[in-house]
Amino acid sequence: MSVPSASDPLAELSAAGVSVWLDDLSRELLAGGELRTLIADRHVVGVTTNPTIFASALSKGDRYSEQLRRLGGEGASVDDAVFALTTDDVREGCDVFRPVYERTGGTDGRVSIEVDPRLARDTAATVDQARKLWATVDRPNLLVKIPATEEGLAAITAVIAQGISVNVTLIFSLDRYRAVMDAYLSGLEQARDAGRDLAGIHSVASFFVSRVDTEVDARLDALGTPEARALKGKAAIANARLAHQAYEEMTAGPRWQALAADGARPQRPLWASTGVKNPDYPDTLYVSELAIAGTVNTMPGSTLAAFAEHGTLPAHAPAPDGYAAAAAHFAALERAGVDFADVTETLEREGLSKFEASWTELGASVDREMHSASGADEPAGRPHGAPQKAPDDAGLLAIYLNDHLSGATAGLELFRRAAQNRKGQDDAETLAELCRQVQQDRDSLTQIMADLGVSADHSKVALGWLAEKAGRLKPNGHLFSRSPLSDLLELESMLLGVQGKAACWRSLRELARTDNRLYPEHLDILLERAEHQIGVLERLRLDAAARVLPPTRASV
């Protein structure tokens, strides 16, 4: 067994009693052997998935093509194809983690799969699909993910009572977390009364972290007072610490103690959404500050890599007085004017909406691939008889989309150059991530054009590329070299470009009302991402302006 050292922060985290799980799964990870490497070298002992992860996985490589070609030829529905793809990946993931599962006595080595998020408000349908997922994957180290909606609570109890292990997801508030723990205990009690072996039933409760700071910080910025701004970046950790206090209170109670005596396993807190979204915060914040023994931290790949490189653990475990400080922070938020109950309600509603949109995007991608592979005249499950564009309208649409593709090409070049120029600076990682997103957006535009039967005008695209190159020569005080104004001018150009892209998505979203070749949910995702990019660029632009523009002086 390796000895934890300062050169292996993930080993130290594991030694501190935190189970390191990866928030990602794809056939690329599975087939390429990378997942096994992460288990061996990065101390990863579990995997979580969600609709967004699967939608992203399908966009990488062609490892799904053969299966989709076969399913399309068999006339499978989109929902059946999605079910087959996801359960196949998760089953293989369970097999990869089986040695970890056996080594840890079933505590770790877990792989999660989520019920269709469109069922989140339907208790009976959630229970039915949880049973189907459990039977189809047919692996003891599976966790079925059920959202912690009010309707989901009854489903959690019913599924646990049947001996199905559960990952309860999308928990934001302390009240809902307590209700989740109660649902788990009720399910265990029913399982015990039915004569089931409680030791074989496992559960984690996924308490979401970073999204809390994102929402609270936005409200504090809107308040705009110095007192409000001083409270930023602290709500997520405070909320999670109070959740752990509630967990400790539950496990100390007589109800749990009686179940534990009968062999029940605790429902471990799992810190989810631990990727830092604000580049002003340390990129390992939600791992280091929540390194609490007996918990799980599921990290996106970028956060896992960051912690492996430079993660640190706190000198001391959270003390009881830390709970008082966390409670005091929420009292300060209330005094400042932040309604935290509304924050958590908003986050649950938006979380479900995002997962539904990702699920729809996944279905749209599967539909498109099946249609393309099978050579069918029209994608299965899509409405027929959409009005066809008149030739003149089609020509105008082609011009419009090619103009935007040309702009997207120039914009991508600009983002790449800016990211290259900022290497070693504070905003380098942020710009690199924006560049990656802009590339994805350009790819999405080319796919939309293909769906609409619009050919790319490569001469116009080339002109866009050349225009960006020529734009580097515009006067900024230094004709050929960079000046202090270069960063500011680049950021303003990037901001204008993203605003234009958002306008394109809005136009296509309107067109989707009458053209069934477009997927409204996918366009909603693209628009949301563009609006996020606008917010990030505006912050970077203002920071650059403050650095390079001299302060104005009042005339005497």
Side-chain angles (χ1 to χ4, degrees), residues 22-24 26 28-29 34 50 52-53 55-57 59-60 208-211 213-215 217-218 232-233 236 272-288 298-311 354 357-358 361 407-445 468 486-488 490-502 505 522 525-544:
L22 176 69
D23 193 28
D24 193 14
S26 70
E28 290 294 323
L29 280 175
E34 185 178 350
N50 60 46
T52 303
I53 287 170
S56 174
S59 69
K60 298 174 182 175
F208 278 54
V209 184
S210 66
R211 296 188 192 183
D213 272 343
T214 300
E215 181 67 22
D217 285 0
K232 289 178 61 177
S273 183
T274 55
V276 175
K277 295 177 172 56
N278 187 332
D280 292 336
Y281 302 157
D283 55 2
T284 61
L285 174 67
Y286 303 123
V287 181
S288 297
T298 181
M299 313 175 205
S302 58
T303 302
L304 183 77
F307 197 87
E309 179 185 340
H310 53 260
K354 288 175 181 177
S358 294
E361 181 184 10
T409 301
L412 179 57
E413 285 295 314
L414 177 58
F415 272 86
R416 285 172 174 165
R417 173 161 57 92
Q420 180 68 29
N421 289 335
R422 303 299 206 292
K423 281 189 175 179
Q425 298 184 29
D426 291 342
D427 59 1
E429 186 175 343
T430 301
L431 281 168
E433 172 60 19
L434 286 173
C435 184
R436 185 186 66 81
Q437 292 179 14
V438 168
Q439 173 71 67
Q440 291 178 338
D441 292 342
R442 186 185 181 281
D443 292 345
S444 292
L445 178 57
E468 194 282 329
S486 296
D487 285 354
L488 179 57
E490 278 182 346
L491 287 164
E492 290 182 347
S493 296
M494 288 187 283
L495 180 59
L496 289 170
V498 175
Q499 288 170 339
K501 175 173 64 180
W505 300 146
H522 184 208
I525 292 171
L526 292 171
L527 181 56
E528 180 183 5
R529 185 159 65 191
E531 289 170 345
H532 172 74
Q533 293 164 0
I534 288 169
V536 172
L537 287 168
E538 177 64 7
R539 178 182 60 78
L540 294 176
R541 186 188 71 81
L542 292 174
D543 289 346

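No experiment lies behind these values; they were computed from the predicted model shown.
Checking side-chain atoms of Thr274 against main-chain N and O of Thr298 turns up a donor-acceptor pair under 3.5 Å.
Between the SG atom of Cys435 and the CZ atom of Arg417 there is a distance of 12.0 Å, given to the nearest 0.5 Å. Atom CD of Glu490 and atom CG of Leu540 lie 12.0 Å apart (nearest 0.5 Å).
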Could you walk me through whether Arg539 and Asp280 satisfy the salt bridge (Lys or Arg N to Asp or Glu O under 4.0 Å) test, starting with their C-alpha distance in whole Å, then the side-chain angles of each, then the deciding distance to 0.1 Å, before giving a yes or no? CA-CA 11 Å; Arg539 178 182 60 78; Asp280 292 336; 3.5 Å; yes
Between Leu431 and Met494, is the side chain to side chain contact (heavy atoms under 4.5 Å, CB included) condition met? List the steps. CA-CA 11 Å; Leu431 281 168; Met494 288 187 283; 4.1 Å; yes
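Donor-acceptor pairing under 3.5 Å is lacking for the side chains of Asp213 and Tyr281. With hydrogens and angles left out, the side-chain atoms of Ser210 and Lys277 include a donor and acceptor closer than 3.5 Å.
The shortest heavy-atom contact between Thr284 and Val276 is N-CG2, 4.4 Å. The heavy-atom pair separating Leu445 from Ala408 by the smallest distance is CD2-CB, 4.5 Å. Closest approach of Ala236 and Val209 over heavy atoms only: CB-O, 3.2 Å.
The side chain to side chain donor-acceptor pair (under 3.5 Å) check on Thr52 picks up Ser358, with sequence neighbours excluded. In terms of the side chain to side chain donor-acceptor pair (under 3.5 Å) criterion, residue partners of Glu433 (sequence neighbours excluded) are, by chain and number, Arg436, Gln437. Residues passing the salt bridge (Lys or Arg N to Asp or Glu O under 4.0 Å) test with Arg211: none are found, sequence neighbours excluded. Taking Asp283 as the reference, nothing meets the salt bridge (Lys or Arg N to Asp or Glu O under 4.0 Å) condition, with sequence neighbours excluded. Shown here are the side chain to side chain contact (heavy atoms under 4.5 Å, CB included) partners of Val498, two or more places apart in sequence or in another chain: Phe415, Lys501, Ala530, Gln533, Ile534, Leu537. Under the rule for a salt bridge (Lys or Arg N to Asp or Glu O under 4.0 Å), Glu34 has no partner lying at least two apart in sequence or in another chain. A search for side chain to side chain contact (heavy atoms under 4.5 Å, CB included) contacts involving Ala544 returns Leu488, Leu491, Arg547, not counting sequence neighbours. Phe208 is linked by a ring-ring contact (aromatic ring centres under 6.0 Å, His included) to Phe172, counting only residues two or more places apart in sequence or in another chain. Listed by chain and number, the residues in a side chain to side chain contact (heavy atoms under 4.5 Å, CB included) with Val287 are Leu13, Asn297, Met299, Thr303, Phe307 (sequence neighbours excluded). For the side chain to side chain donor-acceptor pair (under 3.5 Å) test, no residue two or more places apart in sequence or in another chain qualifies with Asn50. Checked against side chain to side chain contact (heavy atoms under 4.5 Å, CB included), Glu528 has the following partners two or more places apart in sequence or in another chain: Lys354.
For the pair Glu492 and Leu495, the minimum side-chain heavy-atom distance is 4.5 Å or more. By the 4.5 Å heavy-atom criterion applied to side chains, Ile53 and Asp23 are counted as neighbours. Contact of the His532 side chain with the Val536 side chain is registered, since non-hydrogen atoms from C-beta on lie closer than 4.5 Å.
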